[in-house]
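Only this structure's heavy atoms are used, side chains among them; waters, hydrogens and symmetry mates stay out. If you read the sequence from its start, that first residue is 1, and numbering goes on from there.
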Amino acid sequence: MFRKILPVLLALFGLIAGLGAGLLFRPHPEIVEIDTFNNEGGSDANRAQDTQEKSMEGTNPAFEYVKLNNQFVIPNLEEGRVTSMVVLTLSLETKQGMRESIYAREPKLRDAFLQVLFDHANTGGFQGNFTSSSSMTALRRALLEVARKTLGPDVNDVLLLDIVRQDFD
């Protein structure tokens, strides 16, 4: 009789323990999750980003950081065949008050950035040790040049937030 009841009691105990652990370790209600795959312009992701950036304003009040809404996906080609894909997330360090101007000109900026990224990929910049200091410095310099050409001298830097390469066999 005890052997038949034991599995039920263990399952019930596990269920109660899991529920208790879930309640104990639930996220703090003030934590805001940012949806980086949201393709809508003025969304919860932008509001969460604004909140995060306002909390960082005390670090350097002369600049603000504007994260571009979508990632950049760049194919690596060898002999006309896609051998890998590179995914980048970029942010701009600009003078205060440039956010709306950047978002208004984002399509033109993305086009210019894509051209630089495709040129970098076509010259082998994303092959081999693509995260080397010299390769990343050349890429940042080219991105900053085109950002200043598109948005003006108020752009201080281009930041590479994420970079991932997926190789195909």
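- The closest side-chain donor-acceptor pair between Q115 and D111, if any, does not fall under 3.5 angstrom.
- Remark: side-chain polar atoms of T150 are paired, donor with acceptor, to backbone N or O of V146 under 3.5 angstrom.
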Can you give me every donor-acceptor pair (side chain of residues 152-161, partner residue at least two apart or in another chain, under 3.5 Å) with its distance?
| residue | atom | partner | partner atom | Å |
| --- | --- | --- | --- | --- |
| N156 | ND2 | E93 | OE1 | 2.3 |

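- E106 contributes atom CD, which lies 5.0 Å from atom CG of L68 (distance to the nearest 0.5 angstrom).
- Distance CG/L139 to CG/D119: 11.0 Å, rounded to 0.5 Å.
- Side-chain contact check for V86 versus V164: every heavy-atom pair is 4.5 Å or farther apart.
- Residues L109 and L151 meet the side-chain proximity criterion, which asks for heavy atoms closer than 4.5 Å.
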Passes side chain to side chain contact (heavy atoms under 4.5 Å, CB included), M85 versus F168? Steps please. CA-CA 8 Å; M85 297 291 277; F168 303 120; 3.4 Å; yes

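- In this structure the side chain of L90 reaches within 4.5 angstrom of the side chain of F113, judged on heavy atoms.
- Of all non-hydrogen atoms in F130 and G125, the two that sit nearest each other are CB-O, 3.4 Å.
- Residues L92 and K67 are not in side-chain contact: their nearest non-hydrogen atoms beyond the backbone lie 4.5 Å or more apart.
- Other residues, nucleotides and ligands contribute only 12 or fewer heavy atoms inside 6.0 Å of the CZ atom of R141.
- For the pair F72 and T89, the minimum side-chain heavy-atom distance is 4.5 Å or more.
- Atoms NE2 and CE, on H120 and M136 in that order, are 5.0 Å from each other to the nearest 0.5 Å.
- Membership of the apolar cluster around L12 extends to I16, as traced through chained side-chain contacts below 4.5 Å between ILVMFWY residues.
- Taken from CZ in R148 to OG1 in T94, the straight-line distance is 11.5 Å, to the nearest 0.5 Å.
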Might you work through the side chain to side chain contact (heavy atoms under 4.5 Å, CB included) test for D162 and L88, ending with a clear yes or no? CA-CA 5 Å; D162 296 315; L88 294 113; over 6 Å; no

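- Figure legend: cation-pi geometry between R165 and F126 absent, as NZ or CZ is not positioned both under 6.0 Å from the six-membered ring centre and within 45° of its axis.
- For the pair S84 and Q166, the minimum side-chain heavy-atom distance is 4.5 Å or more.
- In this structure, R99 pairs ionically with E64, as a charged nitrogen and a carboxylate oxygen lie closer than 4.0 Å.
- Formation of a donor-acceptor pair under 3.5 Å by the Q71 side chain with backbone atoms of V87 is not found in this model.
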